[in-house]
Amino acid sequence: MKLVKIIDFLYLATNVVIWPKNGLVLGSRVKHFRHLKTKILKFLKITPRAIVFPKTNSTVDYLSIVDSLLYDVDYIMGGVADRIAEINGQLKLLRRWLMRLQHLVKGAKVSQLSDDFMQIIDVAYESEYLISSFVVGDAPLWYLAIRLAHINAKKNKLDRVMLRLMNKNSDVGDSRAAEDFIAQPHPTRRDSADDVMVGFEDLERDILDQLVAGGEQCQFISIIGMPGIGKTTLAKKLYTHQLVSHHFDKSLWCVISQVYNLKNLLITILMSLRSERDDDELAKMDEESLALQMYKILKDRRYLIVMDDIWSSNVWDDLHRYFPDDKNGSRIIFTSRNKDVALPGSIIHEIPLLSDDKCWKLLKMKVFGDNPCPPQLEDIGKKITAKCYGLPLAVVVISGILSTVENEEGTWKNIGESLDPYLFSEQSNSVMRILELSYKQLPTYLKPCFLYFGVFQEDAEIPVKKLKQLWIAEGFVQEEDNTRSDSVAEEYLKELIAKSLVLIVKRRSNGGAKACAIHDLLRDLCLRISEKENFAKLVDHDCSIWNQKFHHLSVQMNQSYFALPCHLAPYSARVRSFSCCGSERSFSLLNMRSLRVLHFQQQYSNHDYSGIQNLVHLRYMAINSIPSGLHLLMNLEFLTVNNRIILYTPLLQMAKLRYLSSESAFFPAEGRSTEESSKLEFLSEILISKEEDEEMMKCFPLLRKLKCMYKMFERRNGEYAFLDLHFLDLLESLTVTVSRWDSGLSSISIPFSIKKLNLCNLQLPWESISIIGLLPNLVVLKLRYQAFQGEIWSTNDDEFKQLRYLKLEWLDLNQWDVSSSDHFPRLQRLVLHDCCDLEMIPSEIGGIATLELIEVRGKCRKSVEESVMQIQQEQLDMGDENLRVDIQLDDNDVSSDEDSSPASSP
């Protein structure tokens, strides 16, 4: 034991001498290291810093530590096995102990975090410090071997303590708390994306009348209420109402939020108002030019503008002169928490709290839908809703809990009783306590996923693909046998949506979530709990407040703070993710040794990436350019680059890189061997412009998703204009865009594994579509801007047998012949955008038994609208009420237009 202490002393003393510039704080949460630190500093006559590692009451934090440590141990045992043969047995013992500890932490409650529990956690922190030091190269193998033996001896003494705690957690009596039921799936769960409103019918009717009737003067309508009262939901119902959509020439929805950027807001408005959207062009314009262009678009039109979540009247002060008043009945709606933002002369509607009866009615609709409530649950349900204090958000959140449990009297009673300790008489506090309860009821594996929403900006629309990648990189997603991690992450998100904690804001063609968001009040809850549990810290002004407690840092700084000191504290070795948005200051990453996620949420050019090759734990990175030494990041799985990149060989040979997205990607001019193999599963946007490029695509045998730009070339055998990707036999999703200056392709060859296909500007003859129609697994097909050329498309038998979603956009198709509804036997959604020449939709489409929706947008003939309405009426006459129709045509009838094609391809 004395020898171990001497080695510790010498090793740590050496670190003091070697690392003074890094400001390394010696020691950890374990008493052993604190004691040695004091002796070392005293020996070297160095004044110790007044920094300690505080203990927390966060099982989420502890679970993150254990998960991270397990990953590092697995990496050492698998990646450098030849180097650690002498300590392999010690590592196996440590790993087995960590698996038991993981199970213990998952089942622990805050009330059970006793001194015995903290002794076990101390050993975990000591192990993490040791293993991390070895992984990053700061600790030699001989030191690891000696210290591992000492750690294993310490944990052996705690085995009986751990066993007793595990037995205590598993001893659940009949009076189980509500959280014991929450993780169970329930067949009656409703999709929380459906906005259900109860109790505001009269208010909705009054505002609707003010929108479509009343005077010709431009009128301002303010919807005021507390957070969670339903302001945004009511405004959305009005905005999407059929009378409103037909009454106004232009409609626009924009979210303002507490902190806004005028230029970005104007760009968002113009992108919604203009039919031709050029983001780069708008980004180059100044604020005055953007505002004047918005004014010209709205001039002489009857418009409806909804400004959601306004915090200050300063927004209107900036914008009011750019909204013309042509006395044609235009309307502007504000929603706000603050009554003070209402403009003089505006109509103010304050949303009241719901009565207990209306709360109960809302809860029944959210939990049971069209099914009746079991009689034995009514009294209990009414008592539960009485505690919601009339706030719809509280009702929705509680219904999210109830919809995931069994409809049994005892279960509901337990949940109702568990509400009491979290409620105060003051309404604002009681609401937050209800929301906090929804967090407490989450299964352990969902808690970090939910808290992670706090690192995103307020009112952000979060792409689901990005969210899942971040969860995986952070280590929140628990791997399951024979199930891909992204599929597990998808299930996690569905659970949060089912519990009404996350909203779907955009859907995919298959009906799944494409983008999601979180209510402002729930985001506030995430930030409050995250800081309380040392999980994450949001920095919105002075970066000097950062300290060593938090694993996740999110920097969201306004331009007005650029002059403030902006540097990382020297105690950032604990930080596992660093997310930055809103500041262009340079951050040093040298001290962030444990970093797993580096996420710059916008494009930046002023960041210092020096030393990034030392961040060996990095799993996810979103940056503006590729730094040198990137290929040395052995654990990197997800890489997004907001610029052009060259696919050089070391990059593609990275051991774990499976996702690569960039503005555009090129193969090097000198080429590379096709015998080399990459582990990429997603690649976007790659340019294929020569036969060597096409050959190099064979280096990606594991590709599942591919987005590529194809520039036609002449092959060695003299053939021209032929796309061949048949060798990618695992490919499931393919997007191909042919350069707009090329002539059309003659044919294509794609693998039979394709499930989703998106084609643009291929200019293939319609006779070639049978190649696509015979794909056995095709579910989604999008044909955009001249994907096929010709006036007539005649479908054939035995084609598109599995197709669920079909989108036709900017095609010069005039006649669509479908001889039988059997040609698309499983079609669910048909979408037409700007098909200016199409005469009508075949009536046979209406005979498809699975058809749920026909959507028509943009510039289309009136005859198309008439044919759609006729199809719907025929289905109603036959008793089929399932077919929905959504038609939103531009004002001008294109039936007489000579040239209705866009000036350039999308």
Side-chain angles (χ1 to χ4, degrees), residues 261 263-264 267-268 278-285 455-457 460-463 465-467 469-470 473-474 539-540 543 552-559 561-562 566-568 572 575-592 595-633 635-648 650-652 654 657-668 680 682-687 707 709:
N261 180 285
K263 181 176 180 179
N264 291 340
I267 291 176
T268 301
D278 190 337
D279 299 3
D280 293 335
E281 177 188 344
L282 294 177
K284 296 175 182 177
M285 299 171 65
V455 308
F456 296 96
Q457 287 183 293
E461 288 189 3
I462 306 167
K465 179 173 63 177
K466 177 192 294 186
L467 179 66
Q469 291 174 359
L470 288 167
E474 294 282 7
V539 179
D540 56 7
C543 297
H552 312 279
L553 292 180
S554 178
V555 182
Q556 298 175 14
M557 304 181 70
N558 198 355
Q559 292 180 356
Y561 295 117
F562 279 2
C566 202
H567 62 278
L568 276 176
S572 53
V575 177
R576 283 178 171 75
S577 70
F578 179 67
S579 176
C580 182
C581 180
S583 172
E584 294 184 354
R585 298 298 299 266
S586 178
F587 296 96
S588 173
L589 305 172
L590 292 177
N591 291 326
M592 306 177 79
L595 205 64
R596 289 184 173 212
V597 169
L598 178 60
H599 184 204
F600 292 111
Q601 298 183 35
Q602 296 177 356
Q603 294 189 13
Y604 299 94
S605 58
N606 191 33
H607 289 294
D608 178 15
Y609 298 132
S610 60
I612 200 171
Q613 65 272 15
N614 297 321
L615 305 181
V616 295
H617 294 289
L618 211 59
R619 272 85 161 163
Y620 177 102
M621 183 161 57
I623 54 178
N624 193 51
S625 59
I626 292 184
S628 59
L630 177 70
H631 61 279
L632 299 176
L633 301 179
N635 288 306
L636 191 65
E637 296 182 42
F638 308 100
L639 175 61
T640 299
V641 185
N642 300 313
N643 213 324
R644 295 186 174 189
I645 63 173
I646 296 178
L647 300 177
Y648 59 94
L651 178 65
L652 297 182
M654 294 177 67
L657 186 64
R658 56 186 171 116
Y659 178 96
L660 177 58
S661 177
S662 66
E663 182 181 285
S664 57
F666 304 85
F667 287 109
L680 279 178
F682 178 96
L683 179 59
S684 169
E685 294 264 348
I686 181 69
L687 175 66
K707 294 183 179 180
M709 174 71 74

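Residue numbers count from 1 along this sequence. Just so it is clear, the structure is predicted and the values come from calculations on it, not from any experiment.
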Smallest heavy-atom separation, Phe667 atom then Ile646 atom, equals C-CG2, 4.4 Å

Go through the structure and list residues passing salt bridge (Lys or Arg N to Asp or Glu O under 4.0 Å) with Glu685, not counting sequence neighbours. none

Give me the atom names and distance for the closest heavy-atom approach of Ile626 to Ile623. CA-CD1, 4.4 Å

What's the separation between atom CG in Leu660 and atom CG in Leu651, rounded to the nearest 0.5 Å? 6.0 Å

Does any non-hydrogen side-chain atom of Met621 lie less than 4.5 Å from one of Leu630? yes

Approximate separation, where rounding is to 0.5 Å, of Lys263 NZ and Met285 CE: 9.5 Å

Output for pair (Ser625 OG, Ile645 CD1), nearest 0.5 Å, gives 11.0 Å

Rounded to the nearest 0.5 Å, how far does OG of Ser664 lie from CG of Asn643? 7.5 Å

Measuring from Phe456:CZ to Leu470:CG, what's the distance to the nearest 0.5 Å? 5.0 Å

Of the non-hydrogen atoms in His617 and Arg619, which two are nearest, and what is the gap between them? O-NH1, 2.5 Å

So does Leu632 have more than 12 non-hydrogen atoms from other groups sitting under 6.0 Å from CG? yes

Restricting to pairs with a member in residues 637-648, which pass salt bridge (Lys or Arg N to Asp or Glu O under 4.0 Å), not counting sequence neighbours? Glu637-Arg658

Close side-chain approach of Leu633 and Leu639, heavy atoms under 4.5 Å: no

Quick check for you: to the nearest 0.5 Å, what is the distance between Tyr659 atom OH and Lys465 atom NZ? 3.5 Å

Under the side-chain contact (heavy atoms from CB on, under 4.5 Å) test, residues paired with Ser684 that sit two or more places apart: Ser661, Phe682, Lys707

What's the verdict on side chain to side chain contact (heavy atoms under 4.5 Å, CB included) for Leu618 and Asn635, showing C-alpha distance, side-chain angles and the deciding distance? CA-CA 6 Å; Leu618 211 59; Asn635 288 306; over 6 Å; no

Who are the ring-ring contact (aromatic ring centres under 6.0 Å, His included) partners of Tyr620, not counting sequence neighbours? His599

Stepwise side chain to side chain contact (heavy atoms under 4.5 Å, CB included) test for Phe638 and Val597: CA-CA 9 Å; Phe638 308 100; Val597 169; over 6 Å; no

I'd like to know if the side chain of Arg596 reaches the main chain of Glu474, judged simply by a donor and an acceptor atom lying under 3.5 Å from each other, with no hydrogens or angles considered. yes

